[in-house]
Amino acid sequence: MKKKALALLLGICMITMTACGSTSSQTSGEASAPAAQDGAAEEGGADDVSGAEEDQAPAAGSAVAGVVWYNFADTFISNARQTLINIGAADGTITITDADSTNDVSTQTSNMNNFFTQGVDYLVLNNINTGAISEICDQIQAEGCYGIFANTDTPSDEDFAKNDKLYSVSSVATQSGTIMGEALAQYWQEHPEADRNGNGKLDYVMLLGIQGHYDTTVRSQYSVQALEDAGIEVNNIGGEIICDYSRATAQEKVAALLANYSDEIDAVIACNDDMALGAIEALKAGGFFSGDDTYLPVCGVDATVNGCQAIKDGTMLVTALNNPVMLAKSIYKVMYLTNSGQEVTTESMGLEGVSVEGHRVWLDYSPVTKDNVDQATYDINDTAF
Ligand code: GAL
């Protein structure tokens with residue numbers, strides 16, 4: 001860590017008489033304790049963020065990471081965040097401090113700038129300023145710290161070519177789209193009654209996350225592509241319905257859609273489980289899932305605790321396991337390896353379903369249906385990396 005910034009950080013810690021770890025709440029645009037959402041993130045909290053002892057300089061060989069998450073309240077992010085905090089606390093090599101962008105680009109920018117001012121060694125960015133990736137890469141390079149784009153659009157080849165200290169860690173979103181599309185295609189082919197208005201087309205509603213976000217763009221494209229590849233004629237109802245990965249927004253928008261299209265809709269494709277769950281609530285209120293001939297296939301992504309419960313309940317057809325624990329482990333491992341001068345390769349990462357291409361680290365998804373839902377588990381207290 002840079003000396004001047006370290007002195008500044010220690011000064012702040014001494015004045016406030018709190019552990020450096022609680023910079024989680026000091027640096028946030030609007031900080032909040034980790035949301036114990038979805039029954040997953042129940043332990044730990046903002047005070048657990050640091051692996052370092054109170055008022056002590058980090059040990060030799062250690063480093064500080066500033067992690068900017070797009071939204072602490074997001075279920076998947078809350079689980080990844082808590083796991084990263086837990087790993088940092090258990091290992092102690094990399095001190096994790098984090099900040100909440102509250103789904104707001106200008107808050108993200110000020111969170112980043114705060115971390116730069118503190119002189120962090122690693123800036124981990126769950127970026128939502130998707131139109132400014134190259135500019136952000138240039139800024140990271142000018143600051144001289146490592147930059148890790150996490151769970152978001154990856155920087156371009158040109159960006160990577162300019163800076164050896166740039167990495168990205170993300171799931172292969174194409175897989176999650178294909179998983180939803182293939183499961184829905186199979187259902188459609190096995191259930192002729194699924195064509196509710198008998199028009200020969202699969203009339204689907206598409207629920208999108210944050211506008212322009214890599215995961216949602218790719219998931220929506222590849223799910224529909226898988227249906228078309230299976231020879232199914234499709235029809236989109238309602239256009240691009242942006243719900244920001246939010247359950248409440250999805251519930252509201254699907255409820256509004258049902259007012260006009262209740263008899264037309266054959267399926268809902270949601271680009272995450274939270275939105276799928278919101279859709280299921282709206283569908284239940286609209287008379288679906290209430291007995292014979294009221295089933296509607298709903299697809300999601302993430303395999304959250306509540307998503308898996310919906311699979312067990314028979315309200316969600318399929319989800320794709322997007323493992324937040326693996327995301328956190330991968331982010332930490334990239335920092336751990338580079339901090340000790342080691343190369344980041346598939347072998348050195350050594351994590352199941354994680355592969356490395358240049359400075360891009362990719363995580364695999366896997367399909368989750370009622371047949372294997374009991375195996376779709378992860379433990380945010382698993383700190384082995
Ligand atoms: C996705 C995840 C969504 C949401 C999003 C935020 O990978 O499936 O539920 O968390 O990331 O960037």
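Whatever order the structure lists them in is the order used to number ligands and atoms, beginning at 1.
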Flag side-chain contact, heavy atom, 4.5 Å: Tyr204 against Ile237: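 No, too far: nothing below the 4.5 Å cut-off.
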Is it the case that the side chain of Asp98 and the backbone of Gly66 share a donor-acceptor pair, with hydrogens and angles ignored and the cut-off at 3.5 Å?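 No: the side chain of Asp98 does not pair with the backbone of Gly66.
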Any atoms of ligand 1 less than 4.0 Å from a non-hydrogen atom of [X]? List them with their elements.
X: Asn272; result: 3 (C), 9 (O)
X: His213; result: 12 (O)
X: Tyr70; result: 6 (C), 12 (O)

[atom] [closest protein heavy-atom partner, distance rounded to 0.1 Å]:
atom: atom 5 (C) of ligand 1; answer: Tyr245 CE1, 3.6 Å
atom: atom 8 (O) of ligand 1; answer: Asp302 OD1, 2.6 Å
atom: atom 11 (O) of ligand 1; answer: Asn151 ND2, 2.9 Å
atom: atom 7 (O) of ligand 1; answer: Asp215 OD2, 2.6 Å
atom: atom 4 (C) of ligand 1; answer: Asp74 OD2, 3.3 Å

Could you check whether the rings of Tyr245 and His213 sit parallel, tilted or perpendicular, using 30° and 60° as the cut-offs?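 Plane angle over 60°, so perpendicular.
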Evaluate the ring planes of Tyr214 and Trp362, with Trp represented by its six-membered ring, and classify them as parallel (under 30°), tilted (30 to 60°) or perpendicular (over 60°).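 Geometry flag for Trp362 against Tyr214: tilted rings.
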Check whether Phe385 forms a cation-pi arrangement with Lys333 (NZ or CZ under 6.0 Å from the six-membered ring centre, at most 45° off the ring normal).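 Not satisfied by the 6.0 Å and 45° rule.
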Between the side chains of Asp382 and Lys329, is the shortest nitrogen-to-carboxylate-oxygen separation below 4.0 Å, so that they form an ion pair?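 Answer for the salt bridge query: yes.
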Please check if Val234 and Leu317 belong to a single hydrophobic cluster, counting links between Ile, Leu, Val, Met, Phe, Trp and Tyr side chain heavy atoms closer than 4.5 Å.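 Yes; Leu317 is reachable from Val234 via cluster members.
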Answer yes or no for Arg219: is there a heavy-atom contact with ligand 1 below 4.0 Å?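 It does, in that a heavy atom of Arg219 comes within the 4.0 Å cut-off of ligand 1.
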